[in-house]
Amino acid sequence: MNKRALRAKSGIWKGLACIALCYGFLSCKEKKTQPSEEKSTEILDKNDGFVKIFDGKTLNSWEGDPTYWRVENGNLVGEVTPETLLKNNTFIIWQGGQPDDFELKLEFRIAESGNSGINYRSEPIDTIPFALRGYQADIDGKIRYTGQNYEEKKRTTLAYRGEKVNINAQHNPDLPGSLRANVEKNCWQSREVIGSLGKSDSLKTKIKGEDWNDVHLVIRGNRLQHYVNGILMSDVTDNDTINRTLSGYLGVQVHVGPPMKVEYRNIRLKSL
């Protein structure tokens, strides 16, 4: 082989080596960037301010009647059977604090026969085990009430689905029995509907029956907003300084009635 051919062959091998080196460098660079992207996503998730308050494995930090509440497949499950029918609504109550201003996000799935709800800024009732009195984001399997604002064992319905409402105190609040006297047909009478978020039946179509739905509660000061699947379902401004509460317990409910099952997961809380 002459010198010119040797030089050409040598140049080819040098070129191939250079290409291999560059390819190897790029491959290493790609492998190094992937973990850093995953890490930045993880940090972003943590920085949204939401903290899990249900670990998906145990009932740590939650207190309720084990006859009705358990963990199953990573979900918080409430179930009433034909053998365990209720005489009073019963809750499992988060023991980690009594939030005032907060956002709560979770997912729920409920049987068609089910009746449940998410209570917040609520107080325990001494005479009934695992009972709460207070605001509730209503949930039911037939989707008649899901999304509305109902005050358990107090002022009853504050806002039906699709309503933006101002709440006022009853007349003569110092008179005994005035609170109950101001409730008619399971609805608080001193309320003023000031706007529409959409027709209830139309909003109902955005809620999935016997499937997972997202709930987002935004509770700040005296304004209480209930979102389901990203859609504002009820919006209450509570101007009733006599009866409103500004902090209290969180809990989820199984309701008096036929056998039922409700499941909750990905329960996350952010203080505001």
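Since we're looking at a predicted model, the values are computed, not measured. Positions are given from 1 along the sequence.
At a threshold of 4.5 Å between side-chain heavy atoms, the hydrophobic network of Ile, Leu, Val, Met, Phe, Trp and Tyr places M260 and V256 in one connected group. Each of L272 and L217 belongs to its own hydrophobic cluster when Ile, Leu, Val, Met, Phe, Trp and Tyr are linked at side-chain heavy-atom distances under 4.5 angstrom. In the hydrophobic clustering of this structure, V218 does not group with I167; members are Ile, Leu, Val, Met, Phe, Trp, Tyr whose side-chain heavy atoms approach within less than 4.5 Å, directly or through other members. Follow the hydrophobic side-chain contacts under 4.5 Å out from I139 and you never reach L197; the two are in separate clusters. Hydrophobic clustering of Ile, Leu, Val, Met, Phe, Trp and Tyr side chains at less than 4.5 Å, counting indirect connections, keeps Y264 apart from F50.
At least one donor-acceptor pair closer than 3.5 Å links the side chain of R161 to the backbone N or O of I143. Of the possible polar contacts, one joining the T157 side chain to the N186 backbone as a donor-acceptor pair under 3.5 Å is found. Checked by atom type and distance alone, the side chain of S271 never pairs as donor or acceptor with a backbone atom of F102 at under 3.5 Å. Listed for the D101 side chain is a donor-acceptor partner under 3.5 Å among the backbone atoms of G221. Side-chain atoms of S196 come within 3.5 Å of backbone N or O of G198 as a donor-acceptor pair. Put simply, the side chain of R109 never gets that close to the backbone of E107: no donor and acceptor are under 3.5 Å apart. Between the H226 side chain and the M233 main chain, no donor and acceptor come within less than 3.5 Å of each other. At least one donor-acceptor pair under 3.5 Å links the side chain of T146 to the backbone N or O of D140. Judged by distance alone, the side chain of N213 and the main-chain N or O of I207 form no donor-acceptor pair under 3.5 Å. At distances below 3.5 Å, at least one donor-acceptor pair connects side-chain atoms of R121 with backbone N or O atoms of L246.
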Checklist entry - Where do K154 and T245 land on the side chain to side chain contact (heavy atoms under 4.5 Å, CB included) test, with the steps shown first? => result CA-CA 11 Å; K154 201 169 181 182; T245 54; 4.1 Å; yes

Checklist entry - Between V165 and L158, is a side chain to side chain contact (heavy atoms under 4.5 Å, CB included) present by the stated rule, with each step listed? => result CA-CA 8 Å; V165 176; L158 301 180; 6.0 Å; no

Checklist entry - Would L106 and N266 satisfy side chain to side chain contact (heavy atoms under 4.5 Å, CB included), going step by step from the backbone distance to the final call? => result CA-CA 5 Å; L106 56 74; N266 296 330; 5.9 Å; no

Item to check | Full working for side chain to side chain contact (heavy atoms under 4.5 Å, CB included) between E151 and Q136 | outcome: CA-CA 6 Å; E151 193 172 44; Q136 183 180 110; over 6 Å; no

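Evaluation of the salt bridge (Lys or Arg N to Asp or Glu O under 4.0 Å) test over residues 193-204, restricted to residues two or more places apart or in two chains, returns none. Sequence neighbours left out, the pairs with a member in residues 220-243 that pass salt bridge (Lys or Arg N to Asp or Glu O under 4.0 Å) are R155-D238, R155-D240, R223-D235. Among residues at least two apart or in separate chains, ring-ring contact (aromatic ring centres under 6.0 Å, His included) pairs with a member in residues 127-153 are Y120-Y135. Applying the ring-ring contact (aromatic ring centres under 6.0 Å, His included) definition to pairs two or more places apart or across chains, none involves residues 152-207.
A distance of 9.0 Å separates CD in Q148 from SG in C187, rounded to the nearest 0.5 Å. Rounded to the nearest 0.5 Å, atoms CD (Q225) and NZ (K164) are 8.0 Å apart. Once rounded to the nearest 0.5 Å, the distance linking CG of N60 with CG of D55 reads 5.5 Å. Here CD1 of I92 is found 13.0 Å from CD of Q253. Values are rounded to the nearest 0.5 Å. Distance check: K153 NZ to I128 CD1 gives 4.5 Å after rounding to the nearest 0.5 Å.
A 6.0 Å sphere centred on CG of D126 holds no more than 12 heavy atoms belonging to other residues, nucleotides or ligands. A 6.0 Å sphere centred on NZ of K270 holds more than 12 heavy atoms belonging to other residues, nucleotides or ligands.
Taking the side chain to side chain contact (heavy atoms under 4.5 Å, CB included) definition, one finds that I53 meets it with W62, W94, L104, L250, I267, L269, sequence neighbours left out. Judged as a ring pair (Phe, Tyr, Trp, His ring centres under 6.0 Å), and not counting sequence neighbours, the contacts of H216 are Y227. Every residue meeting the side chain to side chain contact (heavy atoms under 4.5 Å, CB included) condition with R70, not counting sequence neighbours, appears here in chain and number order: E72, V77, E79, K261. Residues satisfying the side chain to side chain contact (heavy atoms under 4.5 Å, CB included) test with N239, not counting sequence neighbours, are N166, N168, N222, T237. Qualifying side-chain hydrogen bond (donor to acceptor under 3.5 Å, both in side chains) partners for N75, counting only residues two or more places apart in sequence or in other chains: E263. Under the side-chain hydrogen bond (donor to acceptor under 3.5 Å, both in side chains) criterion, D100 pairs with no residue at all, not counting sequence neighbours.
The minimum heavy-atom distance between P258 and L85, with the atom names listed, is C-CD2, 4.3 Å. The two residues N115 and I110 make their nearest non-hydrogen contact at N-CD1, 3.7 Å. Of all non-hydrogen atoms in V254 and V262, the two that sit nearest each other are CG1-CG1, 4.0 Å. Considering all non-hydrogen atoms of both residues, A111 and E210 come closest at CA-OE2, 4.0 Å. In plain terms, the two heavy atoms of S234 and G147 that are nearest each other are OG-O, 2.8 Å. Shortest non-hydrogen contact noted between R133 and N119 is C-ND2, 4.3 Å.
Grouping Ile, Leu, Val, Met, Phe, Trp and Tyr by side-chain contacts under 4.5 Å, direct or through others, puts I93 with F91, L132, Y249.
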Report all side-chain donor-acceptor pairs from residues 174-183 shorter than 3.5 Å, counting only partners two or more places apart or in another chain.
unit_1, atom_1, unit_2, atom_2, d
S178, OG, Q170, NE2, 3.2
S178, OG, N172, O, 3.4
S178, OG, P173, O, 3.2
S178, OG, L175, O, 3.1
N182, ND2, S190, OG, 3.1

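Contact check for R268 versus D48: no side-chain heavy atoms found under the 4.5 Å cut-off. The shortest distance between side-chain heavy atoms of V71 and K57 does not fall below 4.5 Å.
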